[in-house]
Every structure is written in structure tokens, then in C-alpha cells.
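Below: the structure, in C-alpha cells.
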Protein chains: 2
Amino acid sequence: MPHIPLDENLPGITGLLNYRLDTALPIRQLTQILLRGESTLTEGERELIATVVSNGNQCRFCTNAHTAAANVLLGETETAEKVKNDPDNAPVSQKMKYLLEIARQTQINGKNVTPQLIEQARAAGATDLEIHDTVLIAALFSLYNRYVDGLASVTPTDPDFYNRLAGILKTSGYLPSANRYAALKADE
Amino acid sequence: MPHIPLDENLPGITGLLNYRLDTALPIRQLTQILLRGESTLTEGERELIATVVSNGNQCRFCTNAHTAAANVLLGETETAEKVKNDPDNAPVSQKMKYLLEIARQTQINGKNVTPQLIEQARAAGATDLEIHDTVLIAALFSLYNRYVDGLASVTPTDPDFYNRLAGILKTSGYLPSANRYAALKADE
């Protein structure tokens, strides 16, 4: 049960973003810029960063949601599974392997991001902006994970819930929109 | 040395917020709403939440900056010092002691915020919104701390730097403004 009264039809982050709309707006805008704005990283790659950070923080809602978002954007499920559980063998570029490692270390503590790790990423082709955005996406999901779990929001167990949410995130992104979550409910 | 090229006159978070202005704006707006917007928590109390989270993450820049901001808002230095190092004896209300403990646990992991801790805070007078805002401020500074340290931004050692920054945060808040950091440089 959530620590504060949230709309029971809106589990996880969705009810929290509905609880206080004025704080939700800049959180949504920041996420839209970082995960859907112009970038040399694909939307799928950026969802993988969100996935490994949420997985590191053991935030089940966020891990399930961004795994599903990465899956729908990449068109397969192997990559998200491997970056969480077998990163060395994940079918991503060497640059992405280093960026995902930067994200994992940022999740633990920013001080864990060493000059060596940065140099490896850069040698594999990562730009300054990609390094910046990787750290900031990892920092943003360190916020989300704590917001979702710190208020004990509900974590659905039905995989279809996350597939429906991923569809919304693919089609509509992260900005507020009318009837945004209408499709979250299963057909009755 | 920072991991990416930042304005060397803008240490800590200041150079990062100047590096990518489009992502900086919603971060600043969220901070302004949470730390300076209407609230039943004082600005000083909210800076104490930022302080204990930054201290828990061992982010020296953020700890120094928000300790200085709390000091200037509270008009004394004892409270910020005690909430970091001797929280049981900090001269804050029982409600604030519990809210600060919620913030400390959120910093470690959102799952650490137990129903018992929430009930104690509520019994001491904390409202749902105060509990929500405490968790979200703690989550936001978990973002800031990782952003600042994950990119190895510079941490000034001169205490006067943080006093000048605290003066800006007290007078101007967190939104962008022209020549915002002109007063950061020491008089020559």
C-alpha cells in the first residue's frame, strides 16, 4: 500500500506524477529531452540506460517499465535482458557497453565514475555529450527509483501492464497529455 | 579535472547547468518549486533535507553548498552541523527529525522507507504532502549528487565560495537569471 493516498488506477510512477502536477511537469520535461530529444544515442539505447540503473536500484516497477520500453523500441527482448544479467555478452556496441558501465557506476555513486572508464568510453567513440547525457540519465533514474519506492507505490505483476505502458512511452513519450493513461487498463 | 569540458569559472553544479541549458531548465524549475515554492516546511528545513542527502552521498560540493544555504536561511550553523553529525540532538522538531530520517533512508534506497517510519512522522504531525515532498527532495538531490560527482566537477575548498553561493540561493533561488554567478568570484 502506498505511503500516501494515490489513485489506485495509476500504479508506480503514474500515480505519483498525478499526485503533484506542478513537480511532475519539469520531471516529465527533463525525461522527454533526455530520452526522446535529439541525440546520437537511439531511443532504445537511452531506455537501456534507464533499465540498468533501475535494475541496479532494484526498483521493480521502473525496471519492468523501461525493459518493456527498450524491448518495444528495439523490436526484441534479448538486449535488455542481457544488459541487466550478462552485460559482457549483450549485443550492443563497445561504446554502449562502456556507457552502460558509466551508468551502473553513477547509480552506485557518482564518485565511482573513474577517469579510466571515461577514457575507455571515449576511445570507443563516445562524445562528451553522450557521456554527459549518460550520467544525467543515470542520475534522473536514481531520482525516479527513489520516488517510486520511497513512497511505496504499487508494482503491478501483470507483464501486459508494462507492455501497455511501453506502448504509451513509445507513441507519446514522456510529456503530459490528455487521457494519457486510458490505455493502461486492460480491455474489459 | 572534470570528465567533460566545463567553464572553469563555474565549479560544481554551476558549470554543469551551464553546459546543457535545455536540461538545466527543468532541473532548476523542479528545485525552485520544491525548495522555494509554497510549503508548510520552511526554506531552511528544506535545505536541511538537501544537506543530509548530499552528506549521505558524500557529495562534498552539494553538502557544502546546502549546508551554507541552510545556515544563511536559519541564521545559525548548529542545526545543519547537527543534522549531519548528531541528528538525535539536532535542534529541530520531532516531525523534522522523522522527515530527515525519511530523507536519509530514501538516499540509501527508496525501499528503506518503512511504514513504521512513515507512521512515526505522521504521528509527529507530518502531512501527506510533507512526506511526499521530503521523498522527492531526497530523490532530487540523489540526482544532483550523481550529476556533480559522476562528471567529476570541481569542488572548491574555500568556504567563502559556498557562502557567496548560499547568498545567491537565498536571494535569487534556483531559477536561471542574467549574470547569476557574477557574485561567485571573490573580489579582486
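Every chain is numbered from 1 and lettered A, B, ... according to where its sequence line falls, protein lines coming before strand lines.
Under a 3.5 Å cut-off, the side chain of N57(A) and the backbone N or O of N109(B) do not form any donor-acceptor pair.
Note on S142(B), G37(B), A138(B), P26(B): by heavy-atom pairs under 4.5 Å with chain A, the leading option is P26(B). When the candidates Q107(B), Q58(B), R146(B), R20(B) are compared by the number of heavy-atom contacts under 4.5 Å with chain A, R146(B) comes out ahead.
You'll find the side chain of I4(A) reaches within 4.5 Å of the side chain of R122(B), heavy atoms only. You'll find the side chain of H132(A) stays beyond 4.5 Å of the side chain of L6(B), heavy atoms only. Using a 4.5 Å cut-off on side-chain heavy atoms (C-beta onward), L136(B) and I27(A) make contact. For the pair V135(A) and H3(B), the minimum side-chain heavy-atom distance is 4.5 Å or more. Residues Y19(B) and L129(A) are in side-chain contact: their nearest non-hydrogen atoms beyond the backbone lie under 4.5 Å apart.
Tracing side-chain contacts under 4.5 Å through hydrophobic residues (I, L, V, M, F, W, Y), one never reaches Y181(B) starting from V72(B); they form parts of separate clusters. Residue Y144(A) is not grouped with residue I33(A) when hydrophobic side chains (ILVMFWY) are merged at heavy-atom distances under 4.5 angstrom, including chains of intermediate members. Note on I168(A) and L17(A): same hydrophobic cluster, where clusters join Ile, Leu, Val, Met, Phe, Trp and Tyr whose side-chain heavy atoms are under 4.5 Å apart, directly or indirectly. At a threshold of 4.5 Å between side-chain heavy atoms, the hydrophobic network of Ile, Leu, Val, Met, Phe, Trp and Tyr places L73(A) and V92(A) in two separate groups. When the side chains of ILVMFWY residues are joined at heavy-atom separations under 4.5 Å, either directly or via intervening members, Y147(B) and L117(A) end up in a single hydrophobic cluster.
Contact of D133(B) with chain A is made through the side chain alone, with heavy-atom distances under 4.5 Å. Heavy atoms closer than 4.5 Å to chain A are found in both the backbone and the side chain of I131(B). Contacts of T134(B) with chain A are absent, with no heavy-atom separation under 4.5 Å from either backbone or side chain. At a 4.5 Å heavy-atom cutoff, the contact between L140(A) and chain B is made by backbone and side-chain atoms alike.
Across every non-hydrogen atom of K111(A) and C59(B), the tightest pair is NZ-CA, 4.1 Å. The shortest heavy-atom contact between L30(B) and T23(A) is CD1-O, 3.6 Å.
Taken to the nearest 0.5 Å, the CG atom of L143(A) stands 11.0 Å off from the OG1 atom of T106(B).
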Side chain to side chain contact (heavy atoms under 4.5 Å, CB included) assessment of L25(B) paired with Q29(A): CA-CA 9 Å; L25(B) 183 60; Q29(A) 290 170 327; over 6 Å; no
